[in-house]
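What follows is one structure encoded as structure tokens, with my remarks underneath.
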Amino acid sequence: MSVNKGDVLVIPAPSDKTKNDSSKIKIHWRQQFRQRYGDYYLLVAKNKTQGDSQVPIYIQSDLYNEQDFNSTSGTRKIDADHYELTIDDRHQYAGKPEGRFVVWHDKEREPFSDNFLQSSLVKQDTGLVKQLFQLLGLGLSAIEVIGEMAQSSIGTYLETF
């Protein structure tokens with residue numbers, strides 16, 4: 001489940017169904033010696049470019065709305081329930097090439113990749129978060145996830161496509 005610059009992802013359109021508490025995650029991080037936080041929606045997109053493979057994507061909550069989607073270049077409504085999103089330098093990622101997640105947010109925010117996984121771990125009981133860990137090739141228990149993060153991503157900044 002790789003994702004690269006230029007790939008086209010099919011993502012769920014913002015709606016009451018997709019914008020719910022089970023998909024909303026508060027990410028905490030430190031930046032410039034201050035504690036920061038922001039709300040993101042965790043969604044599973046299909047990578048149309050790569051055979052509809054599933055790709056986890058975190059979208060900053062105030063960007064996940066019809067108005068922003070309709071006025072943003074690189075997004076196109078394909079039906080009532082889906083948008084196409086072309087991955088470009090507005091997007092960031094973390095993870096190994098075979099297991100990445102995408103982040104679409106204001107890039108002045110500088111959380112580490114592990115901040116997303118740690119915050120998601122708090123919601124581990126949701127099916128969506130379990131699916132995220134499976135897609136990234138991480139175990140489902142907290143100990144396995146924390147061990148994986150300690151080996152590979154703590155302190156790693158998100159990369160820009």
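Residues meeting the side-chain contact (heavy atoms from CB on, under 4.5 Å) test with Thr86, sequence neighbours left out: Val8. In this structure, the side-chain hydrogen bond (donor to acceptor under 3.5 Å, both in side chains) partners of Gln60, at least two apart in sequence or on a different chain, are Asp62. Applying the side-chain contact (heavy atoms from CB on, under 4.5 Å) rule to Glu66 yields the partners Ala13, Pro14, Asn70, Lys77, Tyr83; only residues at least two apart in sequence or on another chain are considered. In terms of the salt bridge (Lys or Arg N to Asp or Glu O under 4.0 Å) criterion, residue partners of Asp88 (sequence neighbours excluded) are, by chain and number, Arg90. With sequence neighbours left out, the side-chain contact (heavy atoms from CB on, under 4.5 Å) criterion links Tyr37 to Lys26, His28. When the side-chain contact (heavy atoms from CB on, under 4.5 Å) test is applied to Asn65, the partners found at least two apart in sequence or on another chain are Lys19, Gln67, Asp68.
Using a distance-only test at 3.5 Å, with no hydrogens or angles considered, no donor-acceptor pair links the side chain of Glu110 to the main chain of Gln32. Side-chain atoms of Thr156 do not come within 3.5 Å of backbone N or O of Ser113 as any donor-acceptor pair. Looking only at distances, a side-chain donor or acceptor of Asn20 sits under 3.5 Å from a matching main-chain atom of Ser23.
The distance from atom CG of Leu43 to atom OH of Tyr64, rounded to the nearest 0.5 Å, is 4.5 Å. Between atom CD of residue Glu84 and atom OG1 of residue Thr75 there is a gap of 10.0 Å, rounded to the nearest 0.5 Å. The CD atom of Glu159 sits 8.0 Å away from atom CZ of Arg100, with the distance rounded to the nearest 0.5 Å. One distance of note links CG of Asn47 with CG of Leu85; it measures 10.5 Å at 0.5 Å rounding. Taken to the nearest 0.5 Å, the OG atom of Ser61 stands 12.0 Å off from the CD1 atom of Ile25.
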Evaluation steps, side-chain contact (heavy atoms from CB on, under 4.5 Å), between Asp7 and Val55: CA-CA 11 Å; Asp7 284 2; Val55 177; over 6 Å; no
Go through it in stages, so that I can follow the logic: the residues are Lys5 and His91, the test is side-chain contact (heavy atoms from CB on, under 4.5 Å), and I'd like the CA-CA distance, side-chain angles, deciding distance and then a yes or no. CA-CA 9 Å; Lys5 187 173 186 174; His91 308 104; over 6 Å; no
May I have the step-by-step check of side-chain contact (heavy atoms from CB on, under 4.5 Å) for Arg109 and Arg36, ending in yes or no? CA-CA 9 Å; Arg109 294 179 172 196; Arg36 308 281 175 115; over 6 Å; no
Test log, rule side-chain contact (heavy atoms from CB on, under 4.5 Å), inputs Lys107 and Leu158: CA-CA 10 Å; Lys107 289 197 303 186; Leu158 295 169; over 6 Å; no
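Between the side chains of Tyr40 and Ser119, no donor-acceptor pair is found at a separation under 3.5 Å.
Ring geometry for Phe116 versus Phe101: interplanar angle of 30 to 60°, hence tilted.
Hydrophobic clustering (ILVMFWY, side-chain heavy atoms < 4.5 Å, transitive): Ile57 and Phe161 are in one cluster. Note on Leu135: it clusters hydrophobically with Leu117, by side-chain heavy-atom contacts below 4.5 Å among ILVMFWY residues.
Residues Ile27 and Pro111 come closest through the heavy atom pair CG2-CB, 4.5 Å. Residues Thr18 and Pro12 approach most closely at CG2-CB, 3.5 Å, considering heavy atoms. Across all their heavy atoms, Phe112 and Asn115 have their closest contact at N-OD1, 2.7 Å. Between Gly38 and Trp29, the shortest heavy-atom distance links the atoms N-CZ3, 3.6 Å. Taking each heavy atom of Val3 and Gln50 in turn, the nearest pair found is CA-NE2, 4.3 Å. Closest approach of Ile11 and Phe69 over heavy atoms only: CD1-CE2, 3.4 Å.
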